[in-house]
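Have a look at the structure below, then the notes.
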There are 2 protein chains.
Amino acid sequence: MNSPHFSTKERILGAAEELFARNGFAGASLRELTATAKVNLAAVNYHFGSKDNLVNEVFRRRLDELSAQRLHLLQAVLAKPKPTLEEILAAFIHPALLLSLDKSGGATFVRVLARAYAEHNERLRKFLSENYGHVLKEFAAAFGAQLPHLDKEELYWRIDIIAGALTYAMADFGVIKRRAAMSEKIHRERAAEHLIRFAAAGLRAE
Amino acid sequence: MNSPHFSTKERILGAAEELFARNGFAGASLRELTATAKVNLAAVNYHFGSKDNLVNEVFRRRLDELSAQRLHLLQAVLAKPKPTLEEILAAFIHPALLLSLDKSGGATFVRVLARAYAEHNERLRKFLSENYGHVLKEFAAAFGAQLPHLDKEELYWRIDIIAGALTYAMADFGVIKRRAAMSEKIHRERAAEHLIRFAAAGLRAE
DNA sequence: TTATGATTCAAACGGTCGTTTGGTTTTACC
DNA sequence: GGTAAAACCAAACGACCGTTTGAATCATAA
């Protein structure tokens, strides 16, 4: 991740992902971060303006593609004659599954996402809401069409908990360890299947 | 929580619980904490030795009772002729449910627990493992007797994820909001029921 | 080759952190 | 009421934080 053929910005983003996952956003200092990335201390402020903005860019680098994949899959599902709740859920969950299987930092990033979910950071939540809130809105509309008896507030809360459960299931935070005989890939896919069944039941509740 | 008829130690513990839940362990400074508790800055180091040890004591104050309740219920379940997986799970989950319903800080503490789960803090994990690891061991034994086909490692991981799911379900981290017509108590009890069903299925998997 | 803008760098800035100190006040007991 | 321990307090300590500065270095195009 920090090898010399990566640009300074890329080395910083890679080191940031690694250290944010391990120590949290406040716990990762720019001094340790720039040492890991083998760049000068001032490089973060030069290239990203501030530590806060570096945090934003760490998310942007991964979430742009994640959101695009989700919306693309959702579009395909909604084009079907009779889309099911499970198919919509899969459109939401499978891109995150792929990210968690990515070998070049994606798996680390999923842990950073889990951090963000737990930290309740207002500034970060605002950034995520402004930049990726429309994705949740589109899924909420799709779910809402399947579940007309649910009021909007209830629906948003349920989607929120699904996003949280997904994040934690994909992060390495004490998740079920795979059997030795089962590949990481298959293990994660099984986890996604369980999640989809669980979430579908949760959405249909009452 | 900080009213004058509480002792200095109790006011510090109360403020710590509040600020740890809101800002995390690193994010809560002793200066803000002692101001909230209306005690001198030096009081934390005088009464608790260090900030790290204060963190430990915040956990000890609640977990001693939680662990005792869990073990007591487990004992009662195992005394039955044919204990079920669901009953063992209830012995684990119901005390946490009661804590989350507690009006004098218990609900706040559950959010602190969720923080600890996400932070992966090695020092804190060691403290929790040394002081409350035996509780997980006893439950693991009880689950293991019900699920003899599971190897020990697999079993521990599954219990770990149940503890995590429980913690997050009981914390206010984006959890499903209750319907206006439903009391907080009943809402939480429903959540616990769902959790027990989900966890039982997860444990029985394969 | 030289001029120009982008990048890197060592050093320092002001601020906040957890902790320690040494003295003052309060408490509890003979 | 005197005394010793416990508790409290203002102030300061050294360490680390994110950020800024201004000069050195690099890349590139005239």
Side-chain angles (χ1 to χ4, degrees), chain A residues 1-59 112 115-116 119 121-124 126-127, chain B residues 1-61 112 115-116 119 121-124 126-127:
Chain A
M1 183 54 62
N2 305 320
S3 47
H5 57 276
F6 284 101
S7 73
T8 297
K9 280 181 107 167
E10 282 165 340
R11 290 212 305 285
I12 290 175
L13 286 169
E17 206 164 54
E18 193 65 40
L19 291 182
F20 289 162
R22 196 182 320 145
N23 304 325
F25 305 106
S29 79
L30 291 188
R31 281 168 176 79
E32 184 181 2
L33 197 157
T34 51
T36 303
K38 298 195 199 308
V39 302
N40 185 269
L41 169 60
V44 168
N45 286 277
Y46 176 76
H47 285 286
F48 296 94
S50 68
K51 183 184 178 180
D52 274 353
N53 195 57
L54 170 62
V55 174
N56 290 353
E57 293 307 313
V58 166
F59 282 94
V112 177
R115 285 269 188 191
E119 290 212 4
N121 180 312
E122 208 43 57
R123 198 198 51 76
L124 185 55
K126 193 177 169 224
F127 169 81
Chain B
M1 183 55 61
N2 304 323
S3 47
H5 58 275
F6 284 101
S7 74
T8 297
K9 280 181 107 168
E10 283 165 340
R11 291 211 306 283
I12 290 174
L13 285 170
E17 205 163 55
E18 193 65 40
L19 290 182
F20 288 162
R22 196 181 322 144
N23 304 326
F25 305 107
S29 79
L30 291 188
R31 281 168 176 81
E32 183 181 4
L33 196 157
T34 51
T36 303
K38 298 195 199 309
V39 303
N40 185 270
L41 169 60
V44 168
N45 285 278
Y46 177 76
H47 285 286
F48 296 95
S50 68
K51 183 184 178 180
D52 274 352
N53 195 57
L54 170 61
V55 174
N56 290 353
E57 293 306 314
V58 165
F59 282 95
R60 192 194 304 280
R61 182 171 66 147
V112 178
R115 285 266 187 193
E119 290 212 3
N121 181 311
E122 208 43 57
R123 197 199 51 76
L124 184 55
K126 192 175 171 228
F127 169 81

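Values reported hereafter were calculated over all heavy atoms of this structure, with side chains retained and with hydrogens, waters and symmetry mates removed. No experiment lies behind these values; they were computed from the predicted model shown. Throughout, a chain's letter reflects where its sequence line sits, starting with A, and its residues are numbered from 1.
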Between CG of B:Asn53 and P of C:dG18 the distance, given in whole Å, is 15 Å

From CD1 of A:Ile12 across to P of D:dG18 the rounded distance in Å is 13 Å

Here the distance between atom C1' of D:dC17 and atom CG of A:Asn45, to the nearest Å, is 12 Å

Counting primed atoms, P, OP1 and OP2 as sugar-phosphate and everything else as base, the B/S/- map of nucleotides 6-17 of chain C against protein heavy atoms under 4.0 Å is SBBBB-B----B

B:Leu54 CG to C:dG18 P, in whole Å, measures 11 Å

Those residues at least two apart in sequence (or on a different chain) that pass side chain to side chain donor-acceptor pair (under 3.5 Å) with B:Asn40 are none

When rounded to whole Å, the CG to C1' distance for the pair A:Leu19 and D:dC17 reads 15 Å

In whole angstroms, the gap separating P of D:dT19 from CG of A:Leu33 amounts to 12 Å

CG of B:Leu19 to CD1 of B:Ile12, rounded to nearest 0.5 Å, is 12.0 Å

Short N-O contact, B:Glu17 and B:Arg61, less than 4.0 angstrom
yes

Taking only distance into account, with no hydrogens and no angle test, what donor-acceptor pairs under 3.5 Å do side-chain atoms of residues 25-34 of chain A form with protein atoms, sequence neighbours excluded?
| residue | atom | partner | partner atom | Å |
| --- | --- | --- | --- | --- |
| A:Ser29 | OG | A:Glu32 | N | 3.2 |
| A:Thr34 | OG1 | A:Leu30 | O | 2.7 |
| A:Thr34 | OG1 | A:Arg31 | O | 3.2 |

Taking B:Arg22's backbone N and O only, do any of them form a donor-acceptor pair with B:Arg115's side chain (distance below 3.5 Å, no angle check)? yes

Between the CG atom in B:Leu54 and the CG atom in B:Leu13, the distance rounded to the nearest 0.5 Å is 6.0 Å

